[in-house]
Amino acid sequence: MEQILLRDTYAEIDLEKIAHNIRVMKDVVGPDVAIAAVAKANGYGHGAVEITPILIENGADLLAVATLSEALELKKAYPKYDVMIMGYTPDHLLKIAFDYGCIITIFSHKQAEILNKLGSTRIHFKIDTGFHRLGLSCDEESVKTVQKITSLKNLKVEGIFSHLALSDKEGDAEQFKRFTNFIKQLEDKNIDIKFRHLCDSIATTRYPEYRLNMVRLGAILYGMSGKGQKLPVKQAFTLKSKLSHITFVKKGKGVSYDYFWKAKKDSIIGTLPIGYADGYPRRLTHNGIVSVHGKHVPIAGVICMDQLMIDLSEVPEAKPGDEVILYGDEAGLPISKIALLCQTNKNEILSRITTRVPRVYI
Ligand SMILES: *Cc1c(COP(=O)(O)O)cnc(C)c1O
């Protein structure tokens, strides 16, 4: 795609890898399990509007996001796609969600009544099986609530779902049991809800027996697989920049704020036009590495808001304008490694990349 880049720092998104990943997952779950492709947080940083057609064309049955604002962005671009809001939509915003034809998550009779007054609305019930975040609790009272709601004539109840804590096998099994028991109680009252879903990426790979007839896949579609899990998915996101400047620093001299980093010997220092305001974690000041000419080199000094410095002493041939990869599989710097270095998870690394970083699609 032709695109004038206004910065040397950009994220390269490989759409073919995303297409490959959703096809792999469709194969894994089989024809009887629907896939809700999760494209919240701007499609985990990849650009929700750009990637969702790829997801739909290669096997996703619907799109799922966290918030109304995310749903509207997709609905405005693609009125025909089914978009589900998995999070809570405040009462006063339900009309907007309704107007755009979103699939809405509810867990109260009050919200059901608001929607029923607005007109025909597609909904999923959220059930709290132990995560303690959102949802109707798994009890008699909730069975009655669901029963009342399903009798409202304008509501099209399409799904029921919950979310696993993934704390341990036993806990997850307990949640699964609570969920299926709850569904059983509904069935005993002749309430048959089409889509039942509990699994995110990790649960889908870890517990094939919990997939029911729909899964909600996020991370894995972008090529971020769980620990010890061997699916052939590919990381689609590569963060790149170019050297803006090179300078020579004498032994003992400092670099960046507070002179936290001091040259142990005469050193070559390279500057990159990327900083924590781009979403590159400031925490990597202490242990970050980047790839230059295929070599891994350390960050030198405190990461600034818009720039950072690297120690190029081992790559003396590097010159201004040369490409640097901050993370990306091809450089041997998977996002999992970066996440480990700053003690967070892969999703946080990606979803924090800000709009200042242009996305380039290949
Ligand atoms: C974000 C989210 C998912 C997707 O999680 P991944 O681990 O990225 O697959 C699934 N379900 C809910 C409710 C979510 O909020």
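Source: prediction; values computed, not measured. One-based numbering, in listed order, for ligands and for the atoms of each.
Considering backbone and side-chain atoms alike, A219 places an N or O below 3.5 Å from some N or O of ligand 1. Inclusion of F161 in the set of residues having an N or O under 3.5 Å from an N or O of ligand 1 is not warranted.
The local environment of CZ in R352 is sparse, with at most 12 non-hydrogen atoms from other residues, nucleotides or ligands closer than 6.0 Å.
Under the 4.0 Å criterion applied to side-chain N and carboxylate O atoms, D91 and K110 are assigned as salt-bridge partners. A salt bridge links R122 to D82: one of the charged nitrogens lies within less than 4.0 Å of a carboxylate oxygen. Contact check on K240 versus E12 returns a salt bridge, with a Lys/Arg side-chain nitrogen under 4.0 Å from an Asp/Glu carboxylate oxygen.
Using 4.0 Å as the threshold, V38 has a heavy atom nearer than that to some atom of ligand 1.
Closest to atom 11 (N) of ligand 1 among all protein heavy atoms lies R216 NE, 2.8 Å. Counting protein heavy atoms only, atom 9 (O) of ligand 1 is closest to S201 OG, 2.5 Å. Nearest protein heavy-atom neighbour of atom 4 (C) of ligand 1: Y44 OH, 3.5 Å. For atom 3 (C) of ligand 1, the nearest protein heavy atom (residue, atom name, distance) is K40 NZ, 3.8 Å.
No continuous path of hydrophobic side-chain contacts links F179 to F131 [ILVMFWY only; heavy atoms under 4.5 Å].
Partner H124 forms a side-chain contact (heavy atoms from CB on, under 4.5 Å) with one of I103, I160, I85 and no other, that one being I103.
At a heavy-atom distance under 4.0 Å, only side-chain atoms of N347, from C-beta outward, approach ligand 1.
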